[in-house]
Number of protein chains: 2
Amino acid sequence: MSERVTLKQVAAKAGISYQTVSKVLNGSNQVARETAERILSAARELGYRPNTMARNLRSQRSWMIGYSWIPTPPNQVNHILDLFLTSMVQEAEAAGYHLLPFPYQEGEEQVETYREMIDSGRVDGFVLSSVEYDDPRIQFLLSRQFPFVAFGRSNPEIDFPYVDIDGGAGMRMTVDYLIKKGHRRIAVLAWPENSRVGNDRMGGFFEALNNAALSIPTEWVMRGEGTYEFGLKSGLHLLSTSPDQRPTAIVTLNDTQAIGAMVAAHELNLTVGSDVDVIGFDDAPMSQYLYPPLSSIRQPIREAGRLCVEQLIKLMEGESLIERQILLNPKLIIRASA
Amino acid sequence: MSERVTLKQVAAKAGISYQTVSKVLNGSNQVARETAERILSAARELGYRPNTMARNLRSQRSWMIGYSWIPTPPNQVNHILDLFLTSMVQEAEAAGYHLLPFPYQEGEEQVETYREMIDSGRVDGFVLSSVEYDDPRIQFLLSRQFPFVAFGRSNPEIDFPYVDIDGGAGMRMTVDYLIKKGHRRIAVLAWPENSRVGNDRMGGFFEALNNAALSIPTEWVMRGEGTYEFGLKSGLHLLSTSPDQRPTAIVTLNDTQAIGAMVAAHELNLTVGSDVDVIGFDDAPMSQYLYPPLSSIRQPIREAGRLCVEQLIKLMEGESLIERQILLNPKLIIRASA
DNA sequence: ATATTTAATGCGAACGTTCGCACGAACGTT
DNA sequence: AACGTTCGTGCGAACGTTCGCATTAAATAT
């Protein structure tokens with residue numbers, strides 16, 4: 001395993017006290033040039049690397065950023081994680097910080113996990129994701145005045161630092177596009193009403209309709225899980241009425257639902273892209289390879305990850321944030337499905 | 001930020017030396033029951049949590065497992081990462097270890113990154129992925145005798161601890177299945193010959209053909225990238241000959257290629273599942289939603305992640321491995337495409 | 001020649017643990 | 001009454017840093 005090289009080893013080799021070695025390696029100019037050079041070359045020859053644990057103990061900083069995410073349920077996909085994690089890690093490491101992933105806990109124990117990580121000095125800050133309404137983590141971290149940045153918004157009345165993607169804007173772009181294309185009868189596959197992300201997106205949906213002075217039957221707003229099965233079932237339901245009764249376009253809150261709707265159209269012998277337009281949300285990597293390729297909303301995930309860490313680092317270093325809340329715009333990717 | 005609670009604080013409150021507090025909290029039975037209880041309740045009241053950095057420094061262990069992965073190129077997907085990472089984190093945390101993700105480096109600097117992490121005491125072991133032939137990390141870690149487990153094999157002549165999925169077995173299952181179904185003309189979309197994973201899988205492909213005393217034209221083994229574009233192009237090439245000349249089944253080394261091949265069939269007005277069978281590899285989460293749903297090989301990723309960490313922990317704790325090399329069997333998932 | 005400044009280095013202390021040994025008191029034994 | 005055991009607790013030391021002050025030697029001013 002090869003012996004550790006410590007300051008003392010370098011000091012012995014250079015014939016000087018180890019504290020002076022420390023000074024030189026940290027760039028103090030209080031040391032004679034000649035000895036500094038002797039020390040530096042000794043350090044180089046021995047391959048000295050400062051011990052992280054000792055450093056951290058001394059500086060009382062762990063240089064760690066805690067992050068946990070909801071494990072993906074079977075048969076579902078997390079398109080986001082790869083990009084989000086990679087960009088966070090890159091941004092963090094570039095600034096000398098490290099990401100500490102830890103398992104997601106449900107319920108009561110969740111806050112306890114965060115408390116534990118703080119009190120044992122394991123992390124200097126957190127990035128939160130899967131933020132919902134009344135998220136107990138936010139209250140807790142605010143009350144402890146512990147640095148964190150949320151990826152996602154929560155209750156509007158609570159003031160905390162976040163980075164989020166403007167899902168409402170995405171939905172508006174989608175609906176605006178469809179209206180411009182001539183659609184007047186647009187249905188939507190939505191999520192349950194307690195979903196913050198879902199409501200954000202639905203806000204944009206209705207806004208776009210209102211702006212165009214359009215209204216749709218309430219039963220065209222179908223709420224359910226973000227699954228293929230729900231998309232398929234809802235698609236069949238919506239599209240199996242007569243051509244002048246059914247919607248001419250279906251928008252969904254994620255691509256998985258959209259795929260279900262496309263298959264529904266297929267099974268009813270309708271052609272997606274002409275008989276009915278479908279637009280998804282998320283731009284899952286495989287959506288481009290569907291038949292027909294799925295139009296969808298692409299979120300700037302890399303940028304979001306980068307910004308979360310950038311903001312958090314400022315907080316951890318005691319700087320104040322110029323923008324405490326950041327909202328990023330997604331992008332509508334048009335393919336053959338709409 | 002609330003003051004830290006240290007051993008000294010607890011000791012003061014219980015009226016005893018802080019070292020004795022340490023003994024009690026670490027379960028020494030050398031302490032009088034009465035004082036032990038006094039100490040425990042003081043610790044509970046103050047909410048004492050041992051400081052990780054101090055502990056680690058003292059124990060000379062970081063309790064960290066280093067892991068880095070190749071960032072996914074644009075337009076590609078990493079279906080694996082989510083599952084693999086989640087299972088590693090769970091397994092690690094359950095044993096008191098933590099995962100330390102760090103950015104992937106190419107070329108010369110790669111080994112340097114690993115050296116740096118070792119010498120600064122940042123990690124106690126590594127899980128490697130994206131292992132290829134002549135992987136310099138393996139040589140380096142072996143020579144340093146530093147604990148690691150690779151997810152994936154490398155040169156057969158090098159002995160090191162790994163967990164891998166038997167891609168050859170997967171391919172054998174696929175081809176056996178097709179032969180049993182009556183296919184005699186099977187083409188394959190493969191990867192470049194320098195890909196270790198690709199060769200492993202192709203080994204199984206040829207083995208299954210040999211076992212059935214079948215042979216195929218060399219031009220039916222098409223080598224290229226694991227992309228949609230390559231799958232589409234190759235599919236068009238393979239399938240645009242006359243019905244009695246072309247392959248009746250196409251197998252691929254990943255689902256992305258398979259999707260390309262399916263679209264090729266589609267464009268040539270061939271029905272996948274009857275005119276031509278297609279079987280992929282990886283069982284990407286969305287493959288089940290394709291039209292028709294794609295048959296594919298599913299790899300036990302969770303299990304692989306869990307085992308990597310389990311094995312690594314044994315190594316880090318000085319135990320010897322009962323099985324130094326572990327090979328897991330994948331599973332053929334049959335859907336409508338074959 | 002002595003006092004004062006400056007430059008270079010050494011040293012003690014601290015961060016919060018854990019570990020092992022030393023010490024004293026209480027006890028039982030001869 | 002003297003001695004050995006046992007039990008409970010205290011204490012010093014160490015892990016590898018960094019920081020600030022003390023110390024020494026050299027250089028400059030009086």
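Note on naming: letters A, B, ... go to the chains in the order of the sequence lines (proteins, then strands), and numbering restarts at 1 for each one.
Taking atom NZ on B/K8 and atom P on C/dC15, their separation rounds to 6 Å, with Å as the unit. Rounding to whole angstrom units, CG of residue B/D119 and P of D/dG16 are separated by 13 Å. Rounded to an integer number of Å, the gap from A/N26 CG to D/dC19 P is 7 Å. One can place CZ of B/R55 at 19 Å from P of D/dG16, the figure rounded to the nearest angstrom. C/dC15 atom P lies 11 Å from atom CG of B/N51, rounded to whole Å. Atom CD1 of B/I39 and atom P of C/dT17 are 14 Å apart (whole Å). We find that CD of A/E34 is positioned 18 Å from P of C/dA7, with the value rounded to whole Å. Rounded to whole Å, atom C1' of D/dT17 lies 14 Å from atom CD of A/Q9.
Just one residue in the list B/Q90, B/M88, B/M64 forms a side-chain contact (heavy atoms from CB on, under 4.5 Å) with B/L99, and that residue is B/M88. Screening A/F84, A/F126, A/W69, A/F160 against A/F151 for a ring-ring contact (aromatic ring centres under 6.0 Å, His included) leaves a single residue, A/F84. Among the candidates A/Y67, A/F146, A/Y104, A/F102, the single residue satisfying the ring-ring contact (aromatic ring centres under 6.0 Å, His included) test with A/Y114 is A/F102.
Looking at heavy-atom distances under 4.0 Å, A/N56 makes no contact with the nucleic acid at all. At the heavy-atom level, B/S22 lies under 4.0 Å from base atoms of the strands shown.
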Q: Report the C-alpha distance between A/D135 and A/R196 in whole Å, list the side-chain angles of each, state the deciding distance to 0.1 Å, and finish with yes or no for salt bridge (charged side-chain N to carboxylate O under 4.0 Å, His left out).
A: CA-CA 11 Å; A/D135 198 307; A/R196 211 231 80 232; over 6 Å; no
Q: Evaluate the side-chain contact (heavy atoms from CB on, under 4.5 Å) criterion for residues B/R115 and B/F140: first the C-alpha distance (whole Å), next the side-chain angles of each, then the deciding distance (0.1 Å), finally the verdict.
A: CA-CA 8 Å; B/R115 186 201 309 281; B/F140 172 69; 3.6 Å; yes
(Q) For a quick check, with a 4.0 angstrom heavy-atom cut-off, what is the B/S/- contact string for nucleotides 7-14 of chain D, read 5' to 3'? (A) -BBBBBBB
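Among residues two or more places apart in sequence or in another chain, the side chain to side chain contact (heavy atoms under 4.5 Å, CB included) test is passed with B/A14 by B/I16, B/R38, B/I39, B/A42.
Nucleotide C/dT29: paired with D/dA2 (Watson-Crick or G-U wobble, both distances less than 3.5 Å). Applying the Watson-Crick and G-U wobble criteria (two distances, each under 3.5 Å), C/dC19 pairs with D/dG12.
Of the two residues near DNA chain D, B/A54 and A/L25, the one whose nearest nucleotide lies more 5' is B/A54.
A/D159 and A/Q325 form a side-chain donor-acceptor contact under 3.5 Å, judged by distance and modelled atom types alone.
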